[in-house]
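Worth saying up front: this structure is predicted, and the values here are computed from it rather than measured. Chain A is the first sequence line, chain B the second, and so forth, proteins listed ahead of strands; every chain is numbered from 1.
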Number of protein chains: 2
Amino acid sequence: MPRVGLTTARVAEAAAVLADEVGLEHVTLAALAQRFGVATPSLYTHVRSQADARVRVALLALEETADLVAAALAGVSGRDALAAVGGVWRAYAVAHPGRYAATRLPLDAATAASSAGPRHAELSRAAVRGYRLGEVDATHAVRLLGATFHGYAALDAAGAFGHGPPDAPSSDASFERVLDGLHATLTSWETR
Amino acid sequence: MPRVGLTTARVAEAAAVLADEVGLEHVTLAALAQRFGVATPSLYTHVRSQADARVRVALLALEETADLVAAALAGVSGRDALAAVGGVWRAYAVAHPGRYAATRLPLDAATAASSAGPRHAELSRAAVRGYRLGEVDATHAVRLLGATFHGYAALDAAGAFGHGPPDAPSSDASFERVLDGLHATLTSWETR
DNA sequence: GACTCCTTCCTACGGTCCATAGGTTTCAGC
DNA sequence: GCTGAAACCTATGGACCGTAGGAAGGAGTC
C-alpha cells in the first residue's frame, strides 16, 4: 500500500479547504480521511482530535489574514488604513467562510499567545497609528475596530442584512458608512 | 409509565437552559431526553431534529432579548439609548452564553421573518431616533449598532480582551469608549 | 544488497449520538 | 366503559469519534 505522506500541516490545510467547502462544523475526521484516501484512525498520528484539527484551521487562517492585513496596510494611514483592515476581513469571510469561522473559535491562553493573534493586535495598532492616540486609547481603538469589523462580517454571513426589505441599502454601502463613522470617531477621540 | 407532559415549548426551554450550562454545541437530543427522563426518540414528536431544537433556542432568545431591549429603551434617547441596547446584549451574552450563541445562528428567510428579528430591527431604529437621521441613514446606523455590539460581545466571549497584557484596560472601560464613539458618529452623521 | 527499526498506516472495536419505523400505552372526551 | 389521538416506547441502522494493537513501508546502517 503506497503511503500518502500525511503531515500535520497537510492535514490542517485539507481541513481548511474542507471547512470552506462544507462549513467548519462539518469538518469531520472521517471526511478528511476520505479526502486523503486513508482510514480515519490514521489521522490521529498527526492530529490529536477533531477539535485539534479545527484549532489548526484557526491558526492557519489567523496567519493568512495577518499576512493579508500586513500587505493591505503597507503605505496607507487614516481612513484608508481602516478600510484596508476591514476590507481584508470582509473579503476573507466571503472567500473563505470556513476558515473565517475558525478564526472566531476561542483558543486557550497558550495557543492564543503562540498564534498570529498578537500580530493582529500589533497590526491593528499600526492601523490607528495615524490618529496619534495614547497607549490606552489605542487599545480601546483596537478593540473597537475588532468588534466592528468582526461583528459586521458575522451579521453579513448570517444574512442579517438580507432579511430586510428589497429596497434596503446594500451591505457595501453600509460598510462605507461604518468606515466613515470609525474614522470620525478616531479623529476626534478626546481622552476622557 | 406516567407521562412527563412534553410540549414543544418545554423542550425549547429545556434546550435553552442546557445551552447556557454546557454550550449550544453540546445541546444534544440525548442530553435533553435524559433531562426529561425520557427516551431520545420521544423528543421527535415535539422537535423535528437537533437543528430544529437549536433554532427554537434562537427564537426564544430573540424574544427574550427583544423584551429586554424594549424595557431598557423606555424613556431614554441619545447615548443612553445606545448604552441601553448595548448593555442588554452584553449582559445577556454573559448571563446566557448558550442562548446568546443561538441568536447568532443563521435562520432561513421564513423563520427569520416570523422571529423577533424584525422587532429587534425596529427597536434599534427607535434607539437612534433621537439622532434625527434619514430613512437610509437610519438603516446604516442600525447595522452599525448591530455589528458593533455583537462583535464586541463575540470578542469578549472568545476571551480576546483577556489575551493581552495584565495592565490592559478593562472590557468595561473599552465599552464605554465604544459607546462614546458611536454617539459621536451618529451625532455628526452628515449624509454623503 | 540484506538488515534494522522507526514511523506510518491499517483493522478491529466500543461508545455516543442522530434519526426512522413501527408498536404500545395513556388519557381526554363521549 | 369505549374510542381514538396523542405521547411515549423498543428496535434498529448509520455516522462519527477515539483507543488498542498489529502490519508494512522505507530511511539509514553495515
Do any side-chain atoms of residues 122-129 of chain B form donor-acceptor pairs under 3.5 angstrom with protein atoms, and if so which ones, sequence neighbours left out?
{"residue": "B:S124", "atom": "OG", "partner": "B:H120", "partner atom": "O", "Å": "3.4"}
{"residue": "B:R125", "atom": "NH1", "partner": "B:T139", "partner atom": "OG1", "Å": "3.1"}
{"residue": "B:R125", "atom": "NH2", "partner": "B:E135", "partner atom": "O", "Å": "3.1"}
{"residue": "B:R125", "atom": "NH2", "partner": "B:E135", "partner atom": "OE2", "Å": "3.3"}

Applied to residues 28-76 of chain A, the ring pair (Phe, Tyr, Trp, His ring centres under 6.0 Å) test, sequence neighbours excluded, yields none
Could you pull out all residues at least two apart from B:V136 that satisfy side-chain contact (heavy atoms from CB on, under 4.5 Å)?
A:P169, B:H140
So which of residues 27-46 of chain A are in contact with DNA chain C, with a heavy-atom cut-off of under 4.0 Å?
A:V38, A:A39, A:P41, A:S42, A:T45, A:H46
B:Q50 CD - D:dC16 C1' separation (whole Å)
13 Å
The side-chain contact (heavy atoms from CB on, under 4.5 Å) partners of A:D20 (sequence neighbours excluded) come to A:H96, A:P97, A:R99
Whole angstrom value for the distance that separates P of C:dC18 from CD of B:E25:
13 Å
side-chain contact (heavy atoms from CB on, under 4.5 Å) involving B:E21 - partner list, sequence neighbours excluded
B:V17, B:L18, B:R35
